[in-house]
Structure formats: C-alpha cells, structure tokens
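Reminder, nothing fancy here: chain letters follow the sequence lines and each chain counts from 1.
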Number of protein chains: 4
Amino acid sequence: MAQLQKSIDKRNALIKATIELVNNNGFHATPMSKIAKMANVSPATIYLYFENKQDLVNKTYIDVKTQYTHYAFDTYTDTMSVEQGFEVIWKRIADFKLNESENAMFLAQCDNTPIIDEPSLQEGIKHLQPLLDLWERGKQEGLIKDMSNYLLYAYAINPLSFLMMAQKRGAFQLDRTQIEDAYQSAWNSIKSK
Amino acid sequence: MAQLQKSIDKRNALIKATIELVNNNGFHATPMSKIAKMANVSPATIYLYFENKQDLVNKTYIDVKTQYTHYAFDTYTDTMSVEQGFEVIWKRIADFKLNESENAMFLAQCDNTPIIDEPSLQEGIKHLQPLLDLWERGKQEGLIKDMSNYLLYAYAINPLSFLMMAQKRGAFQLDRTQIEDAYQSAWNSIKSK
Amino acid sequence: MAQLQKSIDKRNALIKATIELVNNNGFHATPMSKIAKMANVSPATIYLYFENKQDLVNKTYIDVKTQYTHYAFDTYTDTMSVEQGFEVIWKRIADFKLNESENAMFLAQCDNTPIIDEPSLQEGIKHLQPLLDLWERGKQEGLIKDMSNYLLYAYAINPLSFLMMAQKRGAFQLDRTQIEDAYQSAWNSIKSK
Amino acid sequence: MAQLQKSIDKRNALIKATIELVNNNGFHATPMSKIAKMANVSPATIYLYFENKQDLVNKTYIDVKTQYTHYAFDTYTDTMSVEQGFEVIWKRIADFKLNESENAMFLAQCDNTPIIDEPSLQEGIKHLQPLLDLWERGKQEGLIKDMSNYLLYAYAINPLSFLMMAQKRGAFQLDRTQIEDAYQSAWNSIKSK
DNA sequence: AATGAATGAGAGTTCATTCAT
DNA sequence: CATGAATGAACTCTCATTCAT
C-alpha cells in the first residue's frame, strides 16, 4: 500500500509537471527531461509509467478531462429541473475554468491542436454525457432550442474558455457580477423563445 | 519587377506551407525542412525571408490575422446602423471561419497555444478595432449590453471558432439554417434587453 | 568507482581527440562529429561532459596549460638558487615543448588565436606564478635584469615555442648541443650584466 | 587605368577586411559574406578576385608577409656592417610589429595555425633571405654565433611577436627604453662571445 | 522499481559557392 | 565587371528513448 501510494504520487507528479510545462512552453519545447526534473524523477522512470511521450500527453489529457467533468457534475443530479440543472452545471464549469485555470488551459491547448490522438479525444468527450442528456430533456420539454448539441455547447459553454484565456493573459478580470452576466447570456442563447 | 514577384511568390508559398503543416502536425513536428519541401525551396532559402522558425510563425500569424480582419470588415462601413453593421460583420466572420477553415484553424491554434510571441499577438489584435468601435456605439445607443468587450466577443464571435473546429473534425456540418440560428444566438447574447 | 573511472576516461579521450584534431585542422574544420568519432563516443555524449564546443576547447586549454605548468615546476623548489632554479625550470619547459609537442602546439595555437575566451586565458596564466616569483627574487639579488616580466618571458621562454613549431614542421631538428646553446642564449638574455 | 585602379581598390578592400575579421574572430567564424560586407562588395564578387576562401586567405598571407619584409629591409643595404645592418633591420621589424599590429597579428595567427597551405607558407618565407644572408656574413666574420638560423631567429626576432601580442592584449606597453633593452637582449643572444 | 549514462536520429541554422541577370 | 538570390552540404546541438546497474 505504501509502495502503491508512492507509485501513484510519482504518476501524479509527472502529470502535474506535464500540464505546467506544456501550458507554458507548448508541447514542443517541453522535453521529457524537463518533465522528469520537475517531477523529481529520472527520465527513464517516465517510461515505467507511460509508453512514450505521446502516451504521456494522451493520458494527461484524459486525466484532466475526467477531473473537469467530475467537477462539472459533482453537485448535479438528474432530479433537478432543466433550468436549475443547467445553472448548477454551468456555474461548476465556470468555477473550474476560472479557478483551476492551469487545468483548463491545458484542455484548451489540447482541443485546438493536433497533439492528442483521436481515440483519446473521443475518450475525453464521453464524460460530458450528462449535460447532453439534460439538453435532450430540455428540448423535449420545449425549454431549450431544438438545435444541434454542438451549437448549444458553442454558445452556452465554450465562451467560458475564451474568457479563461483572456483572464489568464491578464487582459481582464471576471468578477461576480460579470459571471452573472455571462450566465444570463449563456442561458439566453440556448433557452427556447 | 519579375524578380520582386518571384520573391513574393516564394514568401507566400512558405506561409501557405507553414499553415498547412502546422494545422496538421502542430508547430512541433513541423520541421523547417518539410516547410521548405512543400514550398519547393531549399531550407536555406527560408532564412532569406524570415529570421528563424519563430519569426516565420509570427509573421504567418500576423499575415493570416490581417487577412481575417480584412475579410471581416470588407463589406462594412461605419454609416451602417449598429444592428445592420453587426450582422454584416458577423456573417463575414462566419464565412471566413467556415469556408477558409485552414486559415481559421491556424488562428485558433495560435490563440490557444504559447507559440506566438506577445508582440505579434498584440499586433494581430489591433485590426479588430472597427468591431470594438461598433460595440461602443451600440452601448451608447442603448442597443448593446453594457459589458466588457471580452464578454461580447466571447459570446458573439468566439462560438464560431468552436463550430469551425467541430466541422473540421467532421463531427457535424453547419447548413444555412443553422448559421441563421447561430446568428440569432449571437445577437441575442449581446443585444440589450 | 568503475563508473567514475569510465567517465574520466571518456573526458580524457575527448580532450585528447580535440588536441589532435585542432592541431591538424584548426578549430574551424574540426567538427564535433569528428571529435566524437576519434574519442569513440556519440556526438551527443560530448554534451554530457562539456556545455558546447567553446566550453570543450576552453576546458581543453586549461587542462593542457595546467599539465604544462605542472611539468615545468615538477622538479623545482624555491630553495634552489636563482640560476639553478631557472635552469631547472627552463629545461623542463624545453622538454615539454620539444617532447610533448602535440600539447605544446595546441597551446601555441590557442595563444595566437581568438578561439579561447578571456576568462580561460586568465585562468591558464595563473599557474606560471612560481617562475615570476623566481624572477622577482633574481631581480632583488641583482642577478636578473630589472625588466618587465613580459620581456623576460619573451626572450627566455618564448623562443622555445618558435623552435617547437619549426621542428614540428620538419624544418630542422634540435639536438642536445643545440638545446645547450639555446639555454645559454636564454640565460644570457635575462642575466644582469 | 581608372578601371584597373577600381579593381585593385576592391582587391585591397577584401584583403583588409579579411585581416581585420580573421584577427578578431579567427578564420572560422569569418564568413565570406561578412568579408564581402565589410569590403562593400557582393559575396559573388570575391570570386572574381580569388578562387575560393582558402585562396583568399593564402593570398592575404603572402601580401602581408611581403609588406612585412619590404618594410623590414627598406632602409637596409648590404654594404652596411653586420652589426649596423642587424640593428637597422631589427628596428624596422620592431616598428612593424608594434605599429602595424593588425598586420603582425595576422601573420602570428597564420604562423601558429594550420590555415595557410604549405606552398603559401614557403612563398612567404623566401622574402626573408636578406636577413639570412646577413647572418651568414656575420658567422663568417666571427661576429655572430655559429648556430642554426632557426635558433638565431627564435632569439633575435621572434620575441617581438610575443611582445606584440601582449601589447595588443593590453597586458603591457613597450616604451622607447624598453625597446632599447629588447634590442640589447636580441643582439646579446646572437652575437659571438 | 528506479536510475544516470549513453546515443541515433534529426532538429534549426549557417555558409561557401554558383548563376541568371 | 558585378550582383542578389539561391542552395546543398555540413554544422552544432537537442531529445525521446534505452539499458546496464
């Protein structure tokens, strides 16, 4: 158990280092040796936990994406009303993107770049299902526009990524009232009528 | 003049090759030698037109960003009403993102990645001014929500990037009516009341 | 210990190869790949022992200069008389320059060329101190001309470099009696009266 | 004639640039393009005057060596006495090495480095003949030690090279009286008895 | 399980040289 | 005679990966 814990710690340290370095330097310009150094292990040790660099970044992506969705749905239950459920999920996502910006930035980079391979991208998407289910329910109840889920996501969720990047670059700072404004814009863009 | 034209052609070929290769492989995994080969020049020739790889990608970014904004504002004049002007610009941007998706993808990758240096990013932003001016006018006339321009951009424009990426990945296809839906969502998200 | 020895061996092999190749081809025209090949290591291995090519040649210079001065002062003690001490040192230097001509040639090339950086040149000079001390003693005792140490070195020691180069080029060969002649010339050029 | 003069000017400008750049950076790290730039010509133009880089540096060497010997023997005639002749030549050489130090440094670098090919080195040596003739005369008259000319050169002339380098590096400065000291050391080292 | 040393392959970049003009 | 543009070849250096320990 102690041994297992040590292993998990090392794996986590490697993933953490990967996120930080890829965020700051990009996937290129992030050598394995630097990841190893930041995680306080030997370069060779990485290969005990991951097959190669591609596998490391794929697994990191899935890890972070999983964290993201767990966080998003943590306080949601499907007994909530559509509107309430959407608000709960949206605000958790906003929290994640704005507070855990290291993780969120990493996802943004992966989602706009050909560094993650297709199977891993698919794997990452699966966990969003509860939100899609909620939207289906909303459409059936006539509360949400009968549009493609891609359109709903583009208008309701994706803007938060842009705001997160802008905030990270120091361009501006989102406060409480602005987040409320943003939520209203999100809801307005998908609600029926 | 013939010589000058040949030079311009070579520069353009290099920029085109850079866009295509970076889109498909990322900035890493795009060696200068491949760019040269695709542009039908020797690797050494690149260095007659650009200082180094960083300069090449910076200049490519500025070039594409300039094309993007020229395209966006081509049919717009500031004598148009706020709503009309916004529609004109939005639809041009949609055209660009969905039809010139190679260029648009390149911008998305650059904007979510640390590959472009700060001065070049700033340079690229400058050209968006007419849209920001339009929004200021809209705010004064009480037609557009009094929100940060970052919020307006996040909801009115940025979703198109997400849709472009999704379309590029073959996940779905935007048709005429969906674009109309998208425009309505965009306008709803920023219009006052 | 075995590992450490292997490391030292490799470093020495690299330094040896550097000397031989730079002597024959000059610093330019001595690619790292040839040094690596002659030392039976991969080019990449050089960079485990030296920061870059400049560092390699700097360190080689300091190494050889240190050997040179150790050799020169090996049989000298400051209890010797000035004349005896000078003879002992001079003959050791002559031995070094004429027998270890690979090393001596390397120093000559470095001292007449801008390939070694200033700090390393300074570092190399420090070790000559015992000779300068001897000369100071000689001046105080009225045995050695009261001239700048540079002049003393120019006439007493430096001619050996010229003779070494000439001999290396096969132009002529120094025998025992000529070395004795040379020593007399050296001593005559610095002795007082 | 005007045309011919322009050609000679260009050739001279190239040689001057070569000396300065090789002195400061070494033969390596002196690209043809920089030589061209400093001489205010196109890189291609160099090849109208010299076969290639090796030929350029060879010809530069011979040029400078010729200047050197012309300078050395300018005021000497073989009707002078041995001692007077030696003093005249020695002082001219001293003048050259200490005043025309750019040229002298270039020669020192070439003479301690494998950058000049053997035929050009031989060509350069030929012009020293008058000094060797003088020494032969001195030996026959019993005024100069019966030693190899290499030894005589090593002690009588070569120290000036060392002093020139030291002075160039700012280590010390030769004044009139020191030059007189140096001359005495030179003469003492070769004069018979 | 963990490593430091080692490396082959390949990266970005430079440069001596050529050639169409 | 002179050139600026072009380039193949070669350079220094890096890095993902392996392996003996």
Side-chain angles (χ1 to χ4, degrees), chain A residues 3-4 6-7 10-11 27-37 39-57, chain B residues 2-4 6-7 10-11 27-36 40-57, chain C residues 2-4 6-7 10-11 28-36 40-56, chain D residues 3-4 6-7 10-11 27-37 39-57:
Chain A
Q3 189 54 48
L4 179 61
K6 261 181 66 184
S7 281
K10 252 171 210 173
R11 203 193 115 107
F27 183 56
H28 93 286
T30 296
M32 295 294 261
S33 57
K34 264 194 200 162
I35 296 174
K37 194 163 289 171
N40 271 115
V41 298
S42 158
T45 303
I46 300 182
Y47 293 85
L48 298 176
Y49 293 87
F50 303 95
E51 283 173 47
N52 49 39
K53 195 182 182 185
Q54 184 61 56
D55 184 49
L56 166 61
V57 73
Chain B
Q3 185 55 49
L4 180 60
K6 263 179 64 183
S7 281
K10 250 168 215 172
R11 204 194 113 107
F27 183 56
H28 93 285
T30 297
M32 295 296 260
S33 58
K34 266 193 200 161
I35 296 175
N40 271 115
V41 297
S42 157
T45 302
I46 300 181
Y47 294 86
L48 296 178
Y49 295 87
F50 303 95
E51 283 173 47
N52 49 40
K53 196 182 182 186
Q54 184 62 57
D55 185 49
L56 167 60
V57 73
Chain C
Q3 184 55 49
L4 180 60
K6 264 180 62 184
S7 281
K10 250 170 215 171
R11 205 193 114 107
H28 94 287
T30 296
M32 295 297 260
S33 57
K34 267 193 199 160
I35 296 175
N40 270 115
V41 298
S42 157
T45 302
I46 301 182
Y47 294 87
L48 296 178
Y49 294 88
F50 303 96
E51 281 174 46
N52 49 40
K53 195 181 181 183
Q54 184 63 56
D55 184 49
L56 167 60
Chain D
Q3 188 54 48
L4 179 60
K6 261 182 63 185
S7 282
K10 252 172 212 172
R11 204 194 112 106
F27 182 56
H28 93 287
T30 296
M32 295 294 261
S33 57
K34 264 193 200 162
I35 296 174
K37 195 163 288 170
N40 273 115
V41 299
S42 158
T45 302
I46 300 182
Y47 293 85
L48 299 175
Y49 293 86
F50 303 95
E51 282 173 48
N52 49 40
K53 196 181 181 185
Q54 184 62 56
D55 184 48
L56 166 60
V57 73

Validation row: B:T30, B:V57 side chains within 4.5 angstrom (heavy atoms): no

Pairwise distance CZ(B:R11) to CG(B:L56) - rounded to 0.5 angstrom: 9.0 Å

Position toward the 5' end of DNA chain E (nearest nucleotide), A:P43 or D:A44: A:P43

Contacts of B:Q54 that satisfy side chain to side chain donor-acceptor pair (under 3.5 Å) - sequence neighbours left out: B:N58

Neighbours of DNA chain E within residues 48-56 of chain B, by heavy-atom distance under 4.0 Å: B:N52, B:K53

DNA chain F base-pair string [pairs: Watson-Crick or G-U under 3.5 Å; |: paired with another strand]: .||||||||||||||||||||

OH-CG distance between C:Y47 and C:D55, expressed to the nearest 0.5 angstrom: 10.5 Å

Residue whose closest nucleotide on DNA chain F lies nearer the 5' end, C:S33 versus A:T30: C:S33

Sugar-phosphate only, base, or nothing, as touched by D:K10 at under 4.0 Å among non-hydrogen atoms: sugar-phosphate

Length of the OH-C1' vector between C:Y47 and E:dA11, whole Å: 13 Å

Smallest separation among heavy atoms of B:S42 and B:A36, with atom names: C-CB, 3.8 Å

Distance (rounded to the nearest 0.5 Å) between A:M32 CE and A:T45 OG1: 11.0 Å

Protein-nucleotide distance (A:R11, atom CZ; E:dA1, atom P), rounded to Å: 15 Å

Between E:dG8 (C1') and C:M32 (CE): distance, integer Å: 16 Å

Contact interval (first through last nucleotide) of DNA chain F with protein chain C, 4.0 Å heavy-atom: F:dC11 to F:dC15

Counterpart residues, side chain to side chain donor-acceptor pair (under 3.5 Å), relative to A:N40 (two or more places apart): none

Distance in angstrom units between C:H28 NE2 and E:dC15 P, rounded: 13 Å

Qualifying residues under side chain to side chain donor-acceptor pair (under 3.5 Å), relative to D:N52, sequence neighbours excluded: none

Between C1' of E:dG8 and CG of C:N40, the distance in whole Å: 16 Å

Atom-pair distance (NZ on D:K34; P on E:dC15), nearest Å: 7 Å

